[in-house]
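Only a predicted model underlies this, so the values are computations on that prediction, with no experimental measurement involved.
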Amino acid sequence: MVPALILLTILFPWAGALLVSITGDNHPRLQHFTAVFFSAVSGVFAVILLLNTLPVWEGIVPAWVATDPYFSIPLGGAFGNVSFMADGLGVYLAAIATVIGSLAILFSVDYMRGEKQLGRYYAYILFFIGAMAGLVLTANMLFLFFFWEITALCSYVLISFNNDDPKAVAGGIKALIITQFGGIGLLLGALLAYTVLGTYEIGVFIEKAPLAIPAFGLSIAAFGFLVAAAAKSAQFPFQTWLPDAMEAPTPVSALIHAATMVNAGVYLLARFYPAFEGVPGWKEAVIAVGVITALLAAFMALVATDLKRVLAYSTVSQLGYMVYGIGVGGIFSSQVHLLSHSVFKALLFLGAGAVIHSVATRDMRAMGGLGKKMPFTRIAFIVGALALAGIPFLNGFWSKEMILESGLVDGPRIAYYLMLFGAGLTAIYTFRMVAMVFFGKPRSELHAHDAGLAMKIALGLLALGACTTWLFTGRFGTLLAGTLPLHSIHYLGVKELAAELFTAKATYLALGVVALGLLLGWQRERLTQLTSLLRIPAGWARDSFGFEWINRGISAAVRRSADGLSYTQSGQLNWNIAGILLGLLILLILTVLGS
Amino acid sequence: MLFGLVIAGIILCAVLSITANRLLSSAIWLAGVSALSAILFYMLGAREVAVIELSIGAGLVTVLFVFAISIAGDEAMNAKPLVPRILGVGLVLCLVILLGWMVVPGLVTSDPTTELSSTDILWDVRGMDLIVQVSLIFAGVLSVLGLLSDKILPARAAEKGGRS
Amino acid sequence: MTLDPLILVAAGVCLLAGVGLYGLLASRNLIKIIVAMQILTKAAVLALVAAGAASGKINLSQSLAITVIVVDTVVAAVGLALGVQVRKRFGSLDAANLASLRR
C-alpha cells in the first residue's frame, strides 16, 4: 500500500504532465481540466499517504495497510537503490506540495485564461509537483540530488515562461545559476558519504556519519549542505535570485517560490540535522545565516514598491526564521512554521495574483483603495497578512512564537532579540503593503474587478487553512516524533502549547513588538522625522545592500573570460574528436601513473 | 593459428574500409569486418553474440548504409583531412600502445565458473538492460522518423531562403 | 605459435580500436565517420567477449555485448538519418561545412 502510494504521488503528476502536453494547445479547456484533475488526485494520494503514516491510526487501520514505510527497488551497482522513505518529514511536505500545487493550478484556470502555450505551463508545473514529492520522499542521496535538479530546471522554465520578455529570461537564468551552484554542495556531500560509508542511503548516513566519517570530511559535507540549502532557499548570501524570479506568472510564484521549492533547503537542513549538529561551528553558522537573512530581507521589504517583490522579500525573511529555528535545535517549531508559511504565503501570493491580474500592474504606488472593488480578495489577503504578522488565532502566530521560544531557550540571546526586532519589522511592512494596496484613496485610475470563481475557491480554501492548521499541531508532533527517532523532536499538543504560550512572558513581549510594528505601519505618514532619518539606509536597502553589484560583477567577469576562451572552439568535427582523444590519452596516462 | 589469421583479416578489412575511395566499398568492407568478427566470437565460445553480430552487423547495418548512400550520393571526397596527418597518426599510435600496454598482460585466463545459462542472465539478472534497450529503440525510431520527414516549420522556411 | 590466443585477441582489439580512431580523426565525409564509429564499437564488443572468455563468465559478457550491439545499431541509424538531412540542407556531406561557430 505505502509503496504504491509513494510511487503514485510522484508518477501521477508526471503522467498528467505528459497528457497535458499531448492534448495540444488547441484544446485549452481540456488542458485546464486535465491539469486540475491530475494535481487534485495526486493531492488525494499524498493525503492518504499522510494519514497512513500517522501512528495514531494504529489499531484503527487494518494491519495489511500500515506497512513498513521504507521500500526500495534495487538497481544494482553504482547508483544504489531507488529507495523511498515515507516518514513524517517527507509525507507532510509531499502533501503540501501536491495540495497547494492543486490549488495553484486551480487558480491558474482563471489567471491563465486566454494565454498561449498552456501545454508548456501545465506540463512543467505538474512535472515540478511530482519532482518535489520525490525530493522529500526519497531515501537515497543521489536521487535527492536528481530530484533537486529537476525542480531547479522546472523553476527556470517557469520563471522564463514569458520568454519574449528579456527580464523574465534573465531572472530565470539567474535563479538557475545560483541554485545550481548550491547543488554542487549537495553533490559533494553525497559523494563524500559514498566514498566513506559505501552507500547513498540517507538513514545510514544520519546514523553513522558522526562516528564513521573523519571530522574534516564531515565539516565539508555539513557546510556543503548548508551552501546548497542557502542557495535553494534564497538565504544570505544567495538571496538575490528570488526577487528577480517574480517575473514568473503569479501561480508559479505562489507554488514554487513560496510554498514548495524554497522549502527544499529547509527540508535538507532538517533532515540532516542529527548528522551535522556535532560539527563545530555548524549550528552557529546556521543561526547566523537565518538571522542575517531575516533582517536583511525585512529591511528590503520595507522599501520595496513592487507588490510581488515585497512578498518575495517576506518569503526570504520567513525562511530565515525557519533556518534560525533549525539552527537552535527546534526542528519541530521550524517545521510547523514551514507548514504555516506555505499556507499563508501561498494565500498572499494568490491574492496578489488576483489583484495584479485585474489591474495589470505590480507597482503598489499606483494602487490604493482597491478594497472597495475587490472585497473578497481584500478579506483573503488580510487573513494572510494577519497570519504573516503573527496575530493570535491564525497559524502564523503559533509557529512564530514556537520558534522564538526555542530560540530563547536554546540559542544565543542576541539572536533572539534580533529575531524579535525582525518580527516587528514584519508587522510594519505587512501593514504598509495591505494599506497601500487595499485602503486609502485610489492613487491612479485603475480598472479593477474581483477575482473569478476558480480564484475565489483557491483563495477561500487557503484562508481556511490559515485559520485552522494550528489545530493539528499535536497530531503533527506525534507524526514527526513517531517516525524520526534520531531527531529528538520535542513537541506539544495544542492544549499544552496554548497553556505554555499564554503563560510565558516572552509571548507577550513578542505580541507587544508586533503591536508596536502595526502601530508604526499605520502611522507611517506622520513619522516624517523618523523616515527622513532612515533615508540613507533605505537607499542601501533599495540597492539590495550591494548584492546586485556583486552579481553584475561576477557575470561580467564570466562573460569576458568566455569571450577569451572561445578561440578554442572552432566547431570543426575532426578537431573536436582530436580534443576528445587527447583528453582520453591524458586520462589513461594518469591511470597508469596512479596504479 | 586460426585466431591469428582471423584477427589479421579483421584488421585488414578495417583498414581497407577506412581508406576506400568510394563509400559503397567502405560499407562492404565493414560487412567483412562484421562477418570475420562473428567467426571470432564463435571461436571464443560466445555463440549467441556471434549470431547476432552476423545478422545485425553484416546484415542490418550494411543495408542501412547502402540505403543512406543511395539517398545521399556516393561522390568521393578528395579533401585533405583537417587535422594534420602526423598529429593524427601520432595521437592514435600513442593511444594504441598505451591501451595495449594496459590490456594485453591483464587478460589472465581463470577456470570457468559455474554460471547461469545465457538466457537466464539476459532476462533475470540484466533485465533492466532490456527495458533500456526497448526504450532506446523506440526513441531511435521516433528520431529517425522525425529526421527523415520533409515537413519544414514556417519559421525555418523563411530562414532557409537566406541560408547558403 | 605458442601465444595464448587471448593475447592475440587483445592485441587485435587495440589495433582495431586504433584503426577506428584514426578513421574518426581523418575522415571528412560524414558517412565515413559513421563507418569508423562502427569499427570502434566492434573493437569494444570484441574486448567484452574476450574478457568474458578469459574470466569464464561468458554468458554475462554476452548479455552486455548484445546490449552494446543494439545501442550501436540505433546510433548508426540515427547518425545516417542525420547525414541524409545534412546532405539535403547543405548540399554536401563534408563535415567542415557544419561549423557555424565562426568568430
| Point-to-point distance, once rounded to the nearest 0.5 Å, from CG of C:L15 to CG of B:L99 | 10.5 Å
| said: Rounded to the nearest 0.5 Å, what separates atom CZ in B:R47 from atom CG in C:N59? | reply: 11.0 Å
Listing, residues 59-73 of chain B side-chain donor-acceptor contacts under 3.5 Å, not counting sequence neighbours, or none:
{"from": "B:T62", "atom 1": "OG1", "to": "B:G57", "atom 2": "O", "distance (Å)": "3.4"}
{"from": "B:T62", "atom 1": "OG1", "to": "B:A58", "atom 2": "O", "distance (Å)": "3.0"}
{"from": "B:S70", "atom 1": "OG", "to": "B:V66", "atom 2": "O", "distance (Å)": "3.3"}
{"from": "B:S70", "atom 1": "OG", "to": "B:F67", "atom 2": "O", "distance (Å)": "2.7"}

| task | State whether the side chain of C:K42 and the backbone N or O of B:E53 hold a donor-acceptor pair below 3.5 Å, judged by distance alone. | result | no
| query | Counting heavy-atom pairs under 4.5 Å to chain B, which of C:V71, C:V78, C:V86 comes out on top? | reply | C:V78
| field | Side chain to side chain, B:F3 and C:L6, heavy atoms closer than 4.5 Å | value | no
| Between atom CD1 of C:I69 and atom OG of B:S34, what is the distance when rounded to the nearest 0.5 Å? | 8.5 Å
| query | Closest heavy-atom contact between B:Q133 and C:T67? | reply | NE2-OG1, 3.0 Å
| query | Considering only heavy atoms, which portion of C:V75 lies under 4.5 Å from any heavy atom of chain B: side chain, backbone, both, or neither? | reply | neither
| Euclidean distance, B:T19 OG1 relative to C:Y22 OH, rounded to 0.5 Å | 9.5 Å
| field | Within 6.0 Å of CD1 in B:I86, more than 12 heavy atoms from elsewhere | value | no
| request: Return the minimal non-hydrogen interatomic distance between C:I58 and B:G45, and the atom names on each side. | output: CG1-O, 4.1 Å
| message | For the backbone of B:E48 and the side chain of C:Q62, can you confirm whether one donor and one acceptor N or O come within less than 3.5 Å of each other? | response | yes
| Checking heavy atoms, do the side chain of B:I7, its backbone, both or neither come under 4.5 Å from chain C? | side chain
| Does any heavy atom of chain C fall under 4.5 Å from the side chain of B:S17, the backbone, both, or neither of them? | both
| Looking at C:A65, C:S61, C:A77, C:A76, which one has more heavy-atom pairs under 4.5 Å with chain B than the rest? | C:A77
| What's the shortest heavy-atom distance between B:G140 and C:V74, and which atoms? | CA-CG1, 3.8 Å
| query | Contact part of B:V89 toward chain C, heavy-atom cut-off under 4.5 Å: side chain, backbone, both or neither? | reply | both
| Can you name the closest pair of heavy atoms from B:V92 and C:G18 and give their distance? | CG1-O, 3.3 Å
| Which is it for B:D129 and C:L64 under the side-chain contact (heavy atoms from CB on, under 4.5 Å) test, yes or no, and what are the steps along the way? | CA-CA 8 Å; B:D129 280 352; C:L64 298 172; 4.2 Å; yes
| field | Spacing of CD1 belonging to C:I39 relative to CD1 belonging to B:I18, to within rounding of 0.5 Å | value | 4.0 Å
| task | Could you check if a side-chain atom of C:L21 sits within less than 4.5 angstrom of a side-chain atom of B:L95, using non-hydrogen atoms only? | result | yes
| remark: Per-residue tally against chain B (heavy atom, under 4.5 Å) across C:A81, C:G12, C:A17 peaks at C:A81
| said: If you compare all heavy atoms of C:C14 against all heavy atoms of B:V96, which two are closest, and at what distance to 0.1 Å? | reply: O-CG2, 3.7 Å
| request: Return the minimal non-hydrogen interatomic distance between C:L16 and B:I11, and the atom names on each side. | output: N-CD1, 4.4 Å
| task | Start with the C-alpha gap between B:W29 and C:V35, add the side-chain angles, then the distance that decides, and say whether side-chain contact (heavy atoms from CB on, under 4.5 Å) holds. | result | CA-CA 10 Å; B:W29 284 120; C:V35 168; over 6 Å; no
| field | Name of the residue among B:L130, B:I56, B:I52 meeting side-chain contact (heavy atoms from CB on, under 4.5 Å) with C:I66 | value | B:I52
| query | Among C:L25, C:L80, C:V84, which has the most heavy-atom pairs under 4.5 Å with chain B? | reply | C:L80
